[in-house]
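One structure is given below, encoded as structure tokens.
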Amino acid sequence: MDPSAPVDSWTVVVLTEEAFGDVDARNVAGLHADARAAGAEVRHLVLVPVETDRSLLAGVLDHLSLGEVRAALDEVRHGHPDPSRARAEAEAALAATLAALRDLGLSAEGRTTEGDPLPAVREALATGADVRELVVVTRPHAVEDTFHTDWASRARDALGVPVLHVYAGTTRLG
């Protein structure tokens with residue numbers, strides 16, 4: 001590579017609802033491995049929503065669709081999460097995700113968001129001229145995925161950037 005050539009650089013926004021595991025971090029690292037090997041600078045902006053207003057019914061149906069009867073019952077028993085607990089869980093997920101990405105040598109910064117995360121994604125796109133794409137990492141959500149009201153589908157409809165939806169802990173695309 002010519003050292004005097006300009007370095008191609010861009011930002012990937014990563015929206016996740018839970019802490020990255022090894023599979024998730026490797027999935028994101030693999031997306032632009034060739035570009036990084038060729039000298040491109042790829043930065044990652046991680047957004048983790050503080051989820052306090054998710055539909056109880058949708059949560060129960062999600063668990064039941066995956067055969068998680070005990071988790072569905074727990075969801076009914078506990079209802080909506082305590083806001084301070086939800087905030088702490090989001091902060092912990094953010095810290096773990098940033099650590100997992102950085103452990104693989106990736107440049108990663110991030111923050112938590114309140115409520116619906118799409119306004120935060122929209123803001124990142126508006127303020128970061130070099131944002132090229134959005135990667136959404138979630139658990140399967142039977143109701144939202146079926147009716148295309150999940151974050152990835154809504155982002156595809158509204159934001160005008162490529163959106164990749166991967167199910168957490170797998171290589172399956174949403």
Side-chain angles (χ1 to χ4, degrees), residues 1-51 54 62 66 86-142 144-145 148-174:
M1 179 172 171
D2 178 4
S4 64
V7 175
D8 192 17
S9 68
W10 68 90
T11 300
V12 176
V13 176
V14 178
L15 175 60
T16 184
E17 65 185 344
E18 62 185 41
F20 269 23
D22 291 338
V23 170
D24 304 314
R26 284 194 311 270
N27 285 343
V28 170
L31 291 175
H32 302 291
D34 291 343
R36 286 193 322 277
E41 179 185 351
V42 182
R43 291 172 303 284
H44 299 82
L45 172 61
V46 178
L47 302 174
V48 179
V50 176
E51 292 196 273
R54 189 161 189 284
D62 288 345
L66 296 172
R87 190 164 286 103
E89 289 173 356
E91 290 289 344
L94 175 62
T97 298
L98 292 174
L101 293 173
R102 290 173 182 156
D103 285 350
L104 293 176
L106 301 180
S107 169
E109 299 298 324
R111 65 180 186 271
T112 59
T113 68
E114 296 294 325
D116 181 2
L118 287 190
V121 173
R122 185 176 280 113
E123 177 188 329
L125 292 169
T127 59
D130 66 344
V131 175
R132 290 192 184 170
E133 63 193 277
L134 170 64
V135 177
V136 179
V137 182
T138 66
R139 298 176 301 275
H141 295 291
E144 292 93 337
D145 292 349
H148 304 286
T149 59
D150 60 292
W151 295 337
S153 294
R154 290 176 45 223
R156 282 184 195 108
D157 292 342
L159 300 178
V161 296
V163 177
L164 176 66
H165 184 194
V166 181
Y167 290 128
T170 74
T171 57
R172 288 185 39 227
L173 299 178

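Hydrogens, waters and symmetry mates play no part in the numbers below; they use all other heavy atoms, side chains included. Worth saying up front: this structure is predicted, and the values here are computed from it rather than measured.
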Distance-only donor-acceptor hits, side chain of residues 98-106, under 3.5 Å, sequence neighbours excluded:
residue : atom : partner : partner atom : Å
Arg102  : NE   : Ala108  : O            : 3.0
Arg102  : NH2  : Ala108  : O            : 2.6
Arg102  : NH2  : Glu109  : OE2          : 3.4

Check against side chain to side chain contact (heavy atoms under 4.5 Å, CB included), Val48 and Glu17: CA-CA 6 Å; Val48 179; Glu17 65 185 344; over 6 Å; no
May I ask you to decide if [Y]'s main-chain N or O and [X]'s side chain share a donor-acceptor pair within less than 3.5 Å?
{"X": "Thr16", "Y": "Val137", "result": "yes"}
{"X": "Thr170", "Y": "Tyr167", "result": "yes"}
{"X": "Thr11", "Y": "His44", "result": "no"}

Starting at [atom1] of [X], measure out to [atom2] of [Y] and round the result to the nearest 0.5 Å.
{"X": "Glu18", "Y": "Glu51", "atom1": "CD", "atom2": "CD", "value": "10.0 Å"}
{"X": "Glu91", "Y": "Leu94", "atom1": "CD", "atom2": "CG", "value": "6.0 Å"}
{"X": "Leu134", "Y": "Leu164", "atom1": "CG", "atom2": "CG", "value": "9.0 Å"}

For Leu45 and Gly110, which heavy atoms make the closest approach, and how far apart are they?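 The answer is CD1-CA, 4.0 Å.
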4.5 Å side-chain heavy-atom contact, Asp116 and Pro49: no
Should Trp10 and Val131 count as side-chain neighbours, where that means a heavy-atom distance under 4.5 Å? no
Please step through side chain to side chain contact (heavy atoms under 4.5 Å, CB included) for the pair Val166 and Thr171, ending with a clear verdict. CA-CA 7 Å; Val166 181; Thr171 57; 5.9 Å; no
Please walk me through it: do Asp150 and Arg156 pass salt bridge (Lys or Arg N to Asp or Glu O under 4.0 Å)? CA-CA 10 Å; Asp150 60 292; Arg156 282 184 195 108; 5.1 Å; no
Can you give me every donor-acceptor pair (side chain of residues 121-128, partner residue at least two apart or in another chain, under 3.5 Å) with its distance?
residue : atom : partner : partner atom : Å
Thr127  : OG1  : Glu123  : O            : 2.9

Apply side chain to side chain contact (heavy atoms under 4.5 Å, CB included) to the pair Glu89 and Val50, showing each step before the final yes or no. CA-CA 8 Å; Glu89 289 173 356; Val50 176; over 6 Å; no
Under the side chain to side chain contact (heavy atoms under 4.5 Å, CB included) rule, what do Val161 and Arg132 come out as? Steps first, then yes or no, please. CA-CA 6 Å; Val161 296; Arg132 290 192 184 170; over 6 Å; no
Any pair with a residue in residues 22-41 that passes side-chain hydrogen bond (donor to acceptor under 3.5 Å, both in side chains), sequence neighbours left out, goes on the list, sorted by first then second residue, please. His32-Glu133, Glu41-Arg43
Among Leu118, Thr113, Val14, the one residue meeting side-chain contact (heavy atoms from CB on, under 4.5 Å) with Leu47: Thr113
